[in-house]
2 protein chains.
Amino acid sequence: MSTIMALDNPTLQKAVTTADKVFDAMLHAIVDGKIAAGSKISEPELAKQYEISRSTLREALNRLEKCHLIERKANVGSRVVDCTIEGLLEIYVVREALEGMACREAANNMSDEEIAEMQAMLAQHANSQALKDGVSYYQEEGDLDFHYKVILGSHNQQLINILCGQLYHLVRMYRIQFGMHSPRATRAFQEHSNIIQAICDRDGELAEILMRRHIAASRKNIENKIAQQNSSQNKA
Amino acid sequence: MSTIMALDNPTLQKAVTTADKVFDAMLHAIVDGKIAAGSKISEPELAKQYEISRSTLREALNRLEKCHLIERKANVGSRVVDCTIEGLLEIYVVREALEGMACREAANNMSDEEIAEMQAMLAQHANSQALKDGVSYYQEEGDLDFHYKVILGSHNQQLINILCGQLYHLVRMYRIQFGMHSPRATRAFQEHSNIIQAICDRDGELAEILMRRHIAASRKNIENKIAQQNSSQNKA
DNA sequence: TAGGATTTAATTGTCGACAATTAAGTCCTA
DNA sequence: TAGGACTTAATTGTCGACAATTAAATCCTA
């Protein structure tokens with residue numbers, strides 16, 4: 001099982017209150033696009049739908065706002081954020097900065113056990129049927145697992161909160177809604193492998209550089225894909 | 001007047017609702033230490049104090065939580081974050097990563113007008129009585145003004161939100177509560193000057209490196225100060 | 001007296017209703 | 001018919017009360 005589920009909730013504590021559960025439900029609904037990006041949120045309607053009061057719903061909405069998944073204007077209401085190319089590129093800029101630093105810190109702060117775990121994970125991915133057969137599993141779950149592990153390995157609570165608690169929900173949302181299943185799997189796997197090696201060598205400087213290149217490469221891949229889509233649209 | 005006030009509210013819109021006003025009031029109270037760091041927050045008590053209902057107070061608390069100024073546990077309550085040395089260093093790590101990147105992006109994206117404004121601001125600081133007389137003004141307001149301008153200059157909404165909307169409240173809180181009036185003003189001023197030059201030259205790579213060093217130097221300065229305090233404590 | 005179970009008090013979570021603001025629809029006028 | 005003022009409907013913000021959970025105090029027992 002992947003570690004993704006456990007990280008939906010930044011505090012790592014189970015959803016005990018009803019607002020928590022509604023937050024979880026809406027989080028997945030928005031990320032998966034079941035609640036459309038850019039759409040307006042009607043408090044009375046959703047409250048009825050989830051069979052809760054508006055107060056409880058608003059509590060959930062506040063947490064979604066913390067993840068930057070919805071935006072609120074006073075006396076007007078909430079909207080789901082819309083997925084724009086500019087927004088996606090902005091996120092990648094932040095990821096490059098933060099995950100690069102997280103990777104440096106991980107090289108400094110991860111325990112030997114944690115590093116061993118990560119190597120084991122990579123080995124498992126290498127042997128997994130998914131990677132051999134197709135590309136999709138590794139590209140989605142496996143890639144996220146790797147990045148989460150590095151972030152957690154930084155042992156920096158601020159980094160962990162910002163990346164896992166906020167930014168990565170958006171990352172997943174973009175992945176799903178833009179349908180990113182690019183053929184970078186084997187190459188990304190090699191990059192992951194090199195990064196882990198740098199961490200294992202406790203070479204923070206190199207680890208940061210490699211992680212930044214890894215994310216920048218991913219960004220460029222997206223940019224190319226977008227440009228490609230646009231040109232084919234223009235042809236048609 | 002400094003640009004700081006305008007940035008308390010991430011969305012840059014005035015506080016129209018009562019929850020907004022209470023949020024503003026509590027924000028300042030917490031940053032200034034009038035509500036003690038680490039102290040528990042009693043919802044009934046504060047609601048009575050601000051003469052509002054608990055619902056409205058909780059709305060304000062939610063926004064404070066977004067700024068990472070308070071932490072909430074389900075069925076237990078809220079606490080103001082406590083100021084620890086570890087926490088401070090964690091923030092500086094994040095700042096180094098994000099503001100370094102913001103500086104790179106600023107070099108790429110700032111308009112010529114924006115750059116001119118920033119140069120004017122620096123010149124004004126240089127001539128200001130405050131910098132000549134004492135060190136405190138520049139160290140506090142002037143330094144923050146500079147950093148805000150660079151961050152805004154990145155034109156990256158994610159960076160702006162995270163840094164101005166969240167992290168910098170904590171930065172200010174630590175500055176005040178740890179009483180940081182270090183004699184780095186003239187040197188910091190020189191560093192700012194060099195950074196602006198790099199931005200003016202549109203040299204993003206250099207701009208990022210200089211900003212990272214600038215922040216790292218500030219962090220080391222704090223670390224020394226802390227170590228110094230500890231050793232003098234041990235003597236006594 | 002110390003430790004633990006039970007009762008009590010206080011705090012947080014949730015609810016439905018009213019007030020204030022905004023958006024939509026209607027009517028009037030040029 | 002187009003534009004704007006007015007009226008109406010819907011949505012958001014705020015309030016006080018009740019339910020559920022947690023923390024404190026009390027009592028009992030070994």
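Throughout, a chain's letter reflects where its sequence line sits, starting with A, and its residues are numbered from 1.
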Could you write out each protein N or O paired with an N or O of nucleotides 11-14 of chain D at a distance under 3.5 Å?
from: dT12(D); atom 1: OP1; to: Lys40(A); atom 2: NZ; distance (Å): 3.1
from: dT12(D); atom 1: OP1; to: Ile41(A); atom 2: O; distance (Å): 3.4
from: dG13(D); atom 1: OP1; to: Asn75(A); atom 2: N; distance (Å): 3.2
from: dG13(D); atom 1: OP2; to: Arg58(A); atom 2: NH1; distance (Å): 2.6
from: dG13(D); atom 1: OP2; to: Arg58(A); atom 2: NH2; distance (Å): 3.3
from: dG13(D); atom 1: O3'; to: Thr17(B); atom 2: OG1; distance (Å): 2.7
from: dG13(D); atom 1: N7; to: Arg54(A); atom 2: NH2; distance (Å): 2.8
from: dG13(D); atom 1: O6; to: Arg54(A); atom 2: NH1; distance (Å): 3.0
from: dT14(D); atom 1: OP1; to: Thr17(B); atom 2: OG1; distance (Å): 2.3
from: dT14(D); atom 1: OP1; to: Thr18(B); atom 2: N; distance (Å): 2.7
from: dT14(D); atom 1: OP1; to: Thr18(B); atom 2: OG1; distance (Å): 2.2
from: dT14(D); atom 1: OP1; to: Ala19(B); atom 2: N; distance (Å): 3.4
from: dT14(D); atom 1: OP2; to: Thr17(B); atom 2: OG1; distance (Å): 3.2
from: dT14(D); atom 1: O5'; to: Thr18(B); atom 2: OG1; distance (Å): 3.4

Results of side chain to side chain contact (heavy atoms under 4.5 Å, CB included) for Ala116(A) - residues two or more places apart only: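 For Ala116(A) there are no side chain to side chain contact (heavy atoms under 4.5 Å, CB included) partners, ignoring immediate neighbours.
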Expressed in angstrom and rounded to an integer, what is the separation of Glu51(B) atom CD from dG16(D) atom C1'?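 The answer, rounded to whole Å, is 16 Å.
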Candidate pair Glu96(B) and Arg212(B), rule salt bridge (Lys or Arg N to Asp or Glu O under 4.0 Å), full reasoning: CA-CA 5 Å; Glu96(B) 187 176 329; Arg212(B) 285 186 65 153; 3.5 Å; yes
Lys/Arg-Asp/Glu bridge criterion (N-O < 4.0 Å) met for Glu99(A), Arg219(A):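 No salt bridge links Glu99(A) with Arg219(A).
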Under 3.5 Å, is there a donor-acceptor pair between the His192(A) and His214(A) side chains?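 Per modelled atom types, His192(A) and His214(A) side chains form a pair under 3.5 Å.
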List for me each residue that meets ring pair (Phe, Tyr, Trp, His ring centres under 6.0 Å) alongside Tyr168(B), sequence neighbours excluded, and say none if there are none.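 Tyr168(B): ring pair (Phe, Tyr, Trp, His ring centres under 6.0 Å) contacts with Tyr148(B).
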